[in-house]
Number of protein chains: 2
Amino acid sequence: MPTTEITETITDAEWCVMRIVWTLDQADSHTIIDLVSQQHDWKAATIKTLIGRLVKKGALATTKNGRQFIYTPLIPEQTAMDTALANQLDQMCAMCRGQAFVHAIDHTELSQADIQELITHLQTKLTTAPATIACDCLPEGYEGSC
Amino acid sequence: MPTTEITETITDAEWCVMRIVWTLDQADSHTIIDLVSQQHDWKAATIKTLIGRLVKKGALATTKNGRQFIYTPLIPEQTAMDTALANQLDQMCAMCRGQAFVHAIDHTELSQADIQELITHLQTKLTTAPATIACDCLPEGYEGSC
DNA sequence: ACTTAGAGTTTACATCTGTAAACGATAACT
DNA sequence: AGTTATCGTTTACAGATGTAAACTCTAAGT
């Protein structure tokens, strides 16, 4: 079973291309180049490079269509977002992640439905939450707190 | 007024060094090298390079202490975390950020206090939240949804 | 059939990152 | 005073990333 795996990282510039394809669900290079170059001051050649790298990385699939290709996402947008966020969080002190969320949520526009869903999840989580989370910035055996 | 500004990015490897200094609040290179090399299979020389780059970037300050330096953070940990998270989120579709939070929160250990604080913030936020957030993956004038 | 424009591929190159050895200065020990 | 163990600095180098020109096909128009 060909699981939707991707080992390689999608870089910042590549994200811009992926977002177009994710949103359109499929697109030819002309469309991608057209839309991306309205958002970024990149030459068509640059965007072609990014598309090529994404195909090589296994993030985009190609389907031949006459002289050109139709590109489709091979990894789901939500998965990519979850992974990117998790990697970022893993890098931060476990003790401080809660405050990071507070700040992030304060500064992010969220819909009523999303907020309600978050509250529900948090209320459930609260029932089994530990009183405190220890700082994990120091090696095993050392006690720290930031 | 010397604001705690940092234009340059702290890389993944550099984060590991910063976390030690943030947690200890101040440390000499011997301590940093000792602790970091217990967490990562890096040579002392590697960690020295990272320290040097962080000093050059303005993320660490140095105070001479005899033959060596004491390193202290020039940027607050919370600020670094907030910035890193915000940059990550800015890259993702505005419409999908809520779901990304749901996933992230589901998979992150949080203390009771943090959860309660998050719930409080979300309840406040709910009172002024829009019903929906539009996808912002396409250029101005195009309507998309992912 | 011949030319051509546009799609994808190759090549290019500077900078950033991860990883580390080599080196130079100097405090500390003998 | 001479030697040594460090500490910080310089140099190194491969691979990733951002950015883009050059090139090669081949479908499409004449």
Side-chain angles (χ1 to χ4, degrees), chain A residues 6-21 24 26-72 80 83-84 87-88 90-91, chain B residues 6-21 26-72 80 84 87-88 90-91:
Chain A
I6 190 174
T7 41
E8 331 228 19
T9 312
I10 294 175
T11 71
D12 289 4
E14 288 162 3
W15 261 83
C16 301
V17 171
M18 288 305 294
R19 285 179 63 178
I20 299 292
V21 186
L24 300 182
Q26 64 168 71
D28 56 28
S29 72
H30 175 265
T31 305
I32 297 174
I33 289 170
D34 180 31
L35 295 178
V36 172
S37 55
Q38 283 181 56
Q39 301 173 306
H40 304 272
D41 195 19
W42 294 339
K43 297 282 148 50
T46 301
I47 302 168
K48 284 187 193 179
T49 300
L50 296 174
I51 294 173
R53 287 181 184 165
L54 285 166
V55 171
K56 185 181 306 178
K57 284 184 182 179
L60 287 180
T62 56
T63 312
K64 196 137 218 142
N65 174 251
R67 69 183 160 293
Q68 56 184 80
F69 285 149
I70 302 294
Y71 298 95
T72 41
T83 302
N87 287 340
Q88 193 65 55
D90 279 350
Q91 190 158 239
Chain B
I6 191 175
T7 41
E8 330 228 18
T9 312
I10 294 175
T11 71
D12 289 3
E14 288 163 3
W15 261 83
C16 302
V17 171
M18 288 304 294
R19 286 180 63 178
I20 299 291
V21 185
Q26 63 168 71
D28 56 26
S29 72
H30 174 265
T31 305
I32 297 174
I33 290 170
D34 181 31
L35 295 177
V36 172
S37 54
Q38 284 180 56
Q39 302 173 304
H40 304 271
D41 193 20
W42 294 339
K43 297 284 147 54
T46 301
I47 303 168
K48 285 187 195 180
T49 300
L50 296 174
I51 294 174
R53 287 181 184 166
L54 285 166
V55 171
K56 185 181 307 177
K57 283 184 183 179
L60 288 179
T62 56
T63 312
K64 195 136 218 144
N65 174 251
R67 67 186 162 291
Q68 56 184 84
F69 284 148
I70 303 293
Y71 298 94
T72 41
N87 287 340
Q88 193 65 56
D90 278 351
Q91 192 158 236

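Letters go in sequence order (proteins before strands), and every chain restarts at 1.
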- Message: Which is more 5' along DNA chain D, the nucleotide nearest A:Thr9 or the one nearest A:Thr49? Just name the residue.
- Response: A:Thr9
- Task: Starting at atom CD1 of A:Ile70, determine the distance to atom P of C:dA7, rounded to an integer number of angstrom.
- Result: 11 Å
- Query: Atom CH2 of B:Trp42 to atom P of C:dG18: distance rounded to whole Å?
  - Reply: 8 Å
- Message: Looking at A:Arg67, I'd like to know whether one of its side-chain N or O atoms comes within less than 4.0 Å of OP1 or OP2 on D:dA28.
- Response: yes
- Query: Touch check for B:Lys43, heavy atoms < 4.0 angstrom, all strands: base, sugar-phosphate only, or nothing?
  - Reply: sugar-phosphate
- Query: For the side chain of B:Lys48, counting heavy atoms from C-beta on, which of C:dG8, D:dC7, C:dT19 is nearest?
  - Reply: D:dC7
- Note on the structure: Heavy-atom nearest pair, A:Asp90 first then B:Arg19, reads O-NH1, 3.9 Å
- Message: Considering every strand and a 4.0 Å limit on heavy-atom distances, what is the contact class for B:Thr11: base, sugar-phosphate, or nothing?
- Response: sugar-phosphate
- Message: Side chain of B:Arg53 only, heavy atoms from C-beta on: which candidate in C:dG18, D:dA20, C:dA22 is closest?
- Response: C:dG18
- Item | Earlier contact from the 5' end, DNA chain D, for B:Gly52 and A:Ile10 | B:Gly52
- Task: Would you please say whether a donor-acceptor pair under 3.5 Å links the side chains of A:Thr31 and A:Asp28?
- Result: yes
- Query: Please give, in whole Å, the distance from C:dA27 C1' to B:His30 NE2?
  - Reply: 16 Å
- Note on the structure: A:Ile51 atom CD1 is separated from C:dG6 atom C1', nearest whole Å, by 13 Å
- Query: In terms of side-chain heavy atoms of B:Ser29, which of C:dA20, D:dG8, D:dA20 is nearest?
  - Reply: D:dG8
- Message: Working to the nearest 0.5 angstrom, can you tell me the gap between A:Lys57 NZ and A:Thr9 OG1?
- Response: 6.5 Å
- Task: Starting at atom NZ of A:Lys56, determine the distance to atom C1' of C:dG8, rounded to an integer number of angstrom.
- Result: 13 Å
- What nucleic acid atoms does B:Asp28 come within less than 4.0 Å of, heavy atoms only: base, sugar-phosphate, or nothing? nothing
- Query: For A:Trp15 and D:dA16, what is the distance between atoms CH2 and P respectively, to the nearest whole Å?
  - Reply: 20 Å
- Message: Strictly below 4.0 Å: does B:Lys57 bring a side-chain N or O up to OP1 or OP2 of C:dT17?
- Response: yes
- Which nucleotide in D:dT9, C:dT19, C:dT9 has an atom nearest any side-chain atom of B:Thr46: C:dT19
- Task: Classify the angle between the aromatic ring planes of B:His40 and B:Trp42 as parallel (below 30°), tilted (30 to 60°) or perpendicular (above 60°).
- Result: parallel
- Would you kindly give the CG-to-P distance between A:Leu50 and D:dA21, to the nearest whole Å? 14 Å
- Message: Can you tell me which nucleotide in D:dC7, C:dA21, D:dG18 comes closest to the side chain of A:Ala13?
- Response: D:dG18
- Item | Protein-nucleotide distance (A:Phe69, atom CZ; D:dC25, atom P), rounded to Å | 15 Å
- B:Gln88 versus A:Ala84, closest heavy-atom pair with distance: NE2-CB, 3.3 Å
